[in-house]
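Basis for what follows: all heavy atoms, side chains included, without hydrogens, waters or symmetry-related copies. Here, residue 1 is the first one in the sequence, and each next residue gets the next number.
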Amino acid sequence: MLATSDRPMAIVTGFGPFQNVPVNPSWAAVRTLPETLAGVDLIKMEVPVVYEAVQEQVPPLHAGIQPVCVIHVGVGNRGQIKLERQAHNGTYALPDTVGCLPPKGLANPESACEVLSTPLDLDAAIQSMARRGWTQVGESCDAGKFLCEFIYYTSLYTAREAGTPCLFVHVPPVGHPFSQDQISAALRDLVEIILLQVAARNTA
């Protein structure tokens, strides 16, 4: 859904089903986010677990919307909600849900940067989450070399010229330890915290 107001906009994506995950908790959480949060209109989008779809959909979103930030969400391991620090250009060797790999196993074959990192203050975000009662939130430097890291690198690379801050969030599978409602509530708080951090950066 595209916003039509004059408020700033942010993109938040979740992934669709894959393998043994018929209902992806990332999209299930993203779709429950409010239309507007912290004075920012949220553009919510479900992305297929397909390399080509990421390459076709994500860069035009950046260009068309000119968001104040981009937050991607995917399902990760049991335990903590993880804020990913960085993403690698390659090598992506796991086939997607249609059995394909990206060209040369890279997120962007034209990029000379092997690793790109978020400019966001993840420590501050984790501390803010803890103050809201979400203590099982941590940082990671390994986004998994599958679609999660692939979309993150794609966004970080696309956002470099505009300086748009990007973040990837891994939520745990439902029941390990959070319910879907808890994952959704935690994501709402996290997105609000990130948007407030971005607003503070932009006014500093």
Got a donor-acceptor contact below 3.5 angstrom from the Lys145 side chain to the Gly90 backbone?
yes
Check the surroundings of atom CD in Glu139: do more than 12 heavy atoms from other residues, nucleotides or ligands lie under 6.0 Å from it?
yes
Rounded to the nearest 0.5 Å, what separates atom CG in Leu156 from atom NE2 in His88?
12.0 Å
In this structure, is the centre-to-centre distance between the rings of Phe146 and Tyr92 below 6.0 Å?
no
Tell me whether Arg160 at atom CZ has more than 12 heavy atoms from other residues, nucleotides or ligands lying less than 6.0 Å away.
yes
Do Val40 and Val68 come within less than 4.5 Å of each other through their side chains, counting heavy atoms only?
yes
Heavy-atom closest contact (Thr164 atom, Cys69 atom, distance):
CG2-CA, 3.7 Å
Look at the side chain of Asp96 and the backbone N and O of Tyr51, then say whether any donor-acceptor pair between them is shorter than 3.5 Å.
yes
For the pair Ser111 (side chain) and Asn108 (backbone), establish whether a donor and an acceptor sit closer than 3.5 Å, ignoring hydrogens and angles.
no
How about Pro119 and Arg201: do any of their side-chain heavy atoms sit closer than 4.5 Å?
yes
All heavy atoms of Val12 vs all of Val30, minimum pair found to be O-CG1, 3.6 Å
Any side-chain heavy atom of Thr135 within less than 4.5 Å of one from Val137?
no
Ring geometry between Phe15 and Phe168 (parallel below 30°, tilted from 30 to 60°, perpendicular above 60°):
tilted
Pro25 and Val174 have their tightest heavy-atom pair at CB-CG2, 3.8 Å
Got Thr118 and Gln86 here, is their nearest side-chain heavy-atom distance under 4.5 Å?
no
Just how far is it from atom CD1 of Ile194 to atom CG of Leu83, taken to the nearest 0.5 Å?
6.5 Å
Please check if atom CD in Glu114 has more than 12 non-hydrogen atoms from other residues, nucleotides or ligands closer than 6.0 Å.
yes
Which value, rounded to the nearest 0.5 Å, describes the distance between Leu167 atom CG and Tyr152 atom OH?
5.0 Å
Short side-chain to backbone donor-acceptor contact, Gln197 and Leu120, under 3.5 Å:
no
Does any N or O in the side chain of Ser179 come within less than 3.5 Å of the main-chain N or O of Gln182, such that one atom is a donor and the other an acceptor?
yes
Any heavy-atom pair between the side chains of Ile81 and Pro172 that's under 4.5 Å?
yes
Tell me every residue that passes side chain to side chain donor-acceptor pair (under 3.5 Å) with Ser26, counting only those two or more places apart in sequence or in another chain.
Asn24
Would you mind checking if Glu110 and Lys104 are paired as a salt bridge, meaning a charged N to carboxylate O distance below 4.0 Å?
no
Taking Val49's backbone N and O only, do any of them form a donor-acceptor pair with Thr97's side chain (distance below 3.5 Å, no angle check)?
yes
Do Glu84 and His170 have side-chain atoms, one donor and one acceptor, less than 3.5 Å apart?
yes
Whether over 12 other heavy atoms sit under 6.0 Å from Asn202 CG
yes
Any chance the side chains of His72 and Thr13 put a donor and an acceptor closer than 3.5 Å?
yes
Main-chain N/O of Leu33 paired to Lys44 side chain as donor or acceptor, under 3.5 Å
yes
Heavy-atom side-chain contact between Ser128 and Glu192 under 4.5 Å
no
Polar side-chain atom of Glu149 near backbone of Gly144 as donor-acceptor pair, under 3.5 Å:
yes
